[in-house]
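Notes follow once the structure below has been shown.
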Protein chains: 2
Amino acid sequence: MSAGKKLAECMNKDEILRLYGMLRVIADVNRLRILCLLFKGEKCVCDIEEQLEISQPLASHHLAVLREAGLVEVRREGTWCYYSLVKAAIEELNDMFMQILGVHRLPAGYPAREKCGKTT
Amino acid sequence: MSAGKKLAECMNKDEILRLYGMLRVIADVNRLRILCLLFKGEKCVCDIEEQLEISQPLASHHLAVLREAGLVEVRREGTWCYYSLVKAAIEELNDMFMQILGVHRLPAGYPAREKCGKTT
DNA sequence: GATTTATATAAATATTATTTTATATAAATT
DNA sequence: AATTTATATAAAATAATATTTATATAAATC
């Protein structure tokens, strides 16, 4: 970039990187299906496998990704592991998403015609 | 899957696949940054390159992905191409996201304790 | 304590997406 | 018409991710 040019505020911002981190986690069919399933209540891994029609290690793997992202949590009861959504994390995801991609951010009369600075 | 077992409503649903299609498009740092930048108004490709500090073909490529997804549109003026957000598409994205991942979908007292069907 | 059941983890493989490099197009300017 | 400027596209190279296969752990039951 040429010297002196300032990057727009929204660029490189933490917020974008944080939203990106979350989107990367949820932008997967199986993980999206798991999240959707868990909205209805906690589920053990074997139920998740069955509902999604995926193998056990695959279910476990995706659950691990969701867990590491803080979106779900586990409760162990005997041999079973029950997974459920972490409400605070879903809330935060909602907020981040809307703060960056909410329609409310579009000014009235969008888009106004602009001219590239290079035009003579 | 064993015969007779019914898949939960939310599984395989069109809605999930449609949200997935959109998430795949926006789950990329550069595309997210482009969208963020366009919220402020239409921008020509050269401005986008500069702000994101990426090469011209890379900017063009990501813009093509966003365009194919219907999230942005182009207006040509001379040699310049001005990109802007498609309001209706952003609106739809907002709606889809909230319909599937909105916190409001979590029932009060979530998560209730469940038992796996296999428990004796 | 040996076996079974539910789940996790690691390694190997396959798939998909991103970035780079090279080239093409299209409008404007000389 | 030749050249320059802004943008697009295609091919090649890289990188990231998902899936499968194999194995480990941990609790429960026989």
Side-chain angles (χ1 to χ4, degrees), chain A residues 2 16-17 20-35 37-38 42-69 71-84 114-120, chain B residues 2 16-17 20-35 37-38 42-69 71-84 114-120:
Chain A
S2 64
I16 289 199
L17 289 176
Y20 168 57
M22 276 301 170
L23 289 180
R24 234 169 33 161
V25 169
I26 67 174
D28 174 279
V29 170
N30 286 323
R31 290 197 288 268
L32 213 48
R33 282 188 175 135
I34 290 174
L35 290 176
L37 185 59
L38 295 186
E42 62 174 28
K43 298 280 179 231
C44 62
V45 180
C46 58
D47 278 353
I48 295 170
E49 292 170 43
E50 247 182 26
Q51 295 286 326
L52 300 216
E53 300 181 274
I54 61 181
S55 70
Q56 180 273 311
L58 187 53
S60 267
H61 167 255
H62 285 304
L63 286 166
V65 173
L66 291 169
R67 191 158 20 91
E68 276 153 32
L71 285 168
V72 305
E73 61 189 359
V74 211
R75 177 177 72 81
R76 180 147 214 164
E77 193 177 326
T79 352
W80 284 273
C81 286
Y82 292 94
Y83 280 82
S84 60
E114 304 280 346
K115 284 269 182 208
C116 174
K118 290 179 189 162
T119 49
T120 47
Chain B
S2 63
I16 289 198
L17 289 177
Y20 168 58
M22 277 301 169
L23 290 179
R24 235 169 31 159
V25 169
I26 67 174
D28 173 279
V29 169
N30 287 322
R31 291 198 286 269
L32 214 47
R33 281 186 177 137
I34 290 173
L35 291 176
L37 185 58
L38 295 185
E42 61 174 28
K43 299 280 177 230
C44 63
V45 179
C46 57
D47 279 353
I48 294 170
E49 292 170 41
E50 247 183 25
Q51 293 286 327
L52 300 216
E53 301 181 277
I54 60 180
S55 70
Q56 180 274 311
L58 187 53
S60 268
H61 168 253
H62 285 304
L63 285 166
V65 173
L66 290 168
R67 189 157 24 88
E68 277 154 33
L71 285 168
V72 305
E73 59 189 359
V74 210
R75 177 177 72 83
R76 180 148 213 164
E77 195 177 326
T79 351
W80 284 273
C81 286
Y82 293 94
Y83 280 83
S84 60
E114 303 279 347
K115 284 269 180 206
C116 173
K118 291 180 188 161
T119 48
T120 48

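In this text, all values refer to a predicted model and were calculated from it rather than measured experimentally. Side chains included, hydrogens not; waters and symmetry mates left out as well; all remaining heavy atoms used. Here is the naming used below: chain letters follow the sequence lines, and residue numbers restart at 1 for every chain.
Annotation: side chain of A:Leu35 is in contact with side chain of A:Val72 (closest heavy-atom distance under 4.5 Å). With a 4.5 Å cut-off on side-chain heavy atoms, A:Leu38 and A:Leu71 do not count as touching.
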Are any protein N/O atoms closer than 3.5 Å to N/O atoms in nucleotides 7-9 of chain C? If there are, list each pair with its distance.
residue	atom	partner	partner atom	Å
C:dT7	OP1	A:Val45	N	3.3
C:dT7	OP1	A:Cys81	N	3.1
C:dT7	OP2	A:Cys46	N	2.8
C:dA8	OP1	A:Tyr83	OH	2.6
C:dA8	OP2	A:Ser60	OG	2.7
C:dA8	N7	A:Gln56	NE2	2.7
C:dA8	N6	A:Gln56	OE1	3.2

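For A:Glu77, the side-chain hydrogen bond (donor to acceptor under 3.5 Å, both in side chains) partners two or more places apart in sequence, or in a different chain, are A:Arg75, B:Lys115.
B:Asp47 and A:Cys116 get closest at one heavy-atom pair: OD1-SG, 4.3 Å. Considering every non-hydrogen atom in both A:Tyr20 and B:Asp28, the closest pair reads CE1-CA, 3.8 Å. Here the closest heavy-atom approach between residue A:Leu66 and residue A:Ile34 is recorded as CD1-CG2, 3.7 Å.
As a whole-Å value, the separation of B:Arg24 CZ from C:dT15 C1' is 12 Å. Distance, A:Glu68 CD to D:dA18 P: 12 Å, rounded to whole Å. Summarising the geometry, the separation between CD1 on A:Ile54 and P on D:dT17 is reported as 18 Å, rounded to the nearest angstrom. If you measure from atom CG of B:Leu23 to atom C1' of C:dA17, you get 16 Å, rounded to the nearest angstrom. Remark: P of D:dA27 and CZ of A:Arg75 are 15 Å apart, rounded to the nearest angstrom.
Between A:Ser55 and A:Glu77, the one whose closest nucleotide on DNA chain D sits nearer the 5' end is A:Ser55. For the pair A:Val65 and A:Gly78, both in contact range of DNA chain D, the more 5′-proximal nearest nucleotide belongs to A:Val65.
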